[in-house]
Amino acid sequence: MKIKTLFIACLAGLCVATTVSADIQSRQIRFGYGLNENSNQGRATKLFAEEVGRLSDGKLRIRPFGGATLGSDVQMQQALLGGAQEMMVGSTATLVGIVPEMAIWDTPFLFNSAEEADVILDGPVGQQVMDKLEEKGLIGLVYWENGFRNLTNSRRPVETLEDLDGIRLRVMQNNVFLDSFKTLGANAVPMAFSELFTALETRTVDGQENPYNTILSSKFYEVQEYLTVTNHVYSPWIVLVSQRFWDRLSQVERDILLEAAITARDFERQDTREEAARALSELQEKGMKVNELGSDEVERMRAQLTDVNQSIAEAVGMDLWNSLQQALAEARAGNSMSSN
Ligand code: TK8
């Protein structure tokens, strides 16, 4: 097929130009995500689609589906595995059922800053975890920022850990989150993000935890009165491709998807950070009552979650856990040296 295209193209005198484009076929790529179109996830997906179009002369067409219209994170992962959907972006936390090593990103208080997260996620440890997907039928391209997570609820301001007692708190479908919040005394309920707004509205659950950006773009302020700044975990998003689809792509097509995903990642992180910087005051303007968890309480929270850390280390394997701790120590040492 390719040879024929080349031959005809050469007769037309366009041999060189069409050698590359013959490696790009006309394809439609369904790209699903869970948040609204008007969100950091939606904006970066739009940019990704534009970049893919530009780099492929319009031959590779990304069709974005926001608002979980193709299903929750877990449902989309299954569709990618089966080959019924080509691409998605979603939380690494929801992938733990397929790749247990992904739980490493759910470690409470793992990163001290977003920049530190970039260094680790884009470095060898991030790649090592991403490569685990391949044995399971998925291809990981890049990590995007979801952000540091904070608590919201409709019952009361959370000023001490005891205030969490009995709060029905939605958590992502993953044992680390379930155990973390159970340990802290909440009544943790695992649930897909796509069901969350309605569950909050009908008071099936009292609260949830997500970054400022998501609390804003998903309009949780309409159904949640209290926001407590905890920054308890940074858990990223990851851009995934169905391996069944990937296997059919040429090298040129794969390179285009990766290049566009990197461009969109860099845009997404900047956009997310800019939005996060103003989101808290916007949420206050919308009526949310915000309080910051005091440093003593944060220390208690850290202390209580040490047990969870131990079980994460066991679940992901000590080698990976130690590589991550070492990479973090190096990143921190490098940082303090450069700021000296
Ligand atoms: C979107 C989810 C979301 C995540 C969650 O599909 O479930 O709370 O933070 O971003 O992946």
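Side-chain atoms are counted along with the backbone in the values below, which use heavy atoms only and exclude waters and symmetry mates. One-based numbering, in listed order, for ligands and for the atoms of each.
Among residues two or more places apart in sequence or in another chain, the salt bridge (charged side-chain N to carboxylate O under 4.0 Å, His left out) test is passed with E297 by R300.
Listed for the N36 side chain is no donor-acceptor partner under 3.5 Å among the backbone atoms of S39. In this structure, the side chain of S113 engages the main chain of E116 through a donor-acceptor pair within 3.5 Å.
The aromatic ring centroids of W237 and Y33 lie 6.0 Å or more from each other.
Protein residues with a heavy atom closer than 4.0 Å to ligand 1 are G34, L35, D73, S91, N146, R149, R170, M172, F193, N210, W237, listed by chain and number.
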*Run the numbers on M102 and L133 for side-chain contact (heavy atoms from CB on, under 4.5 Å), then give the verdict.*
CA-CA 9 Å; M102 286 288 166; L133 289 161; 3.9 Å; yes
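Other residues, nucleotides and ligands place no more than 12 heavy atoms under 6.0 Å from the CD atom of E134.
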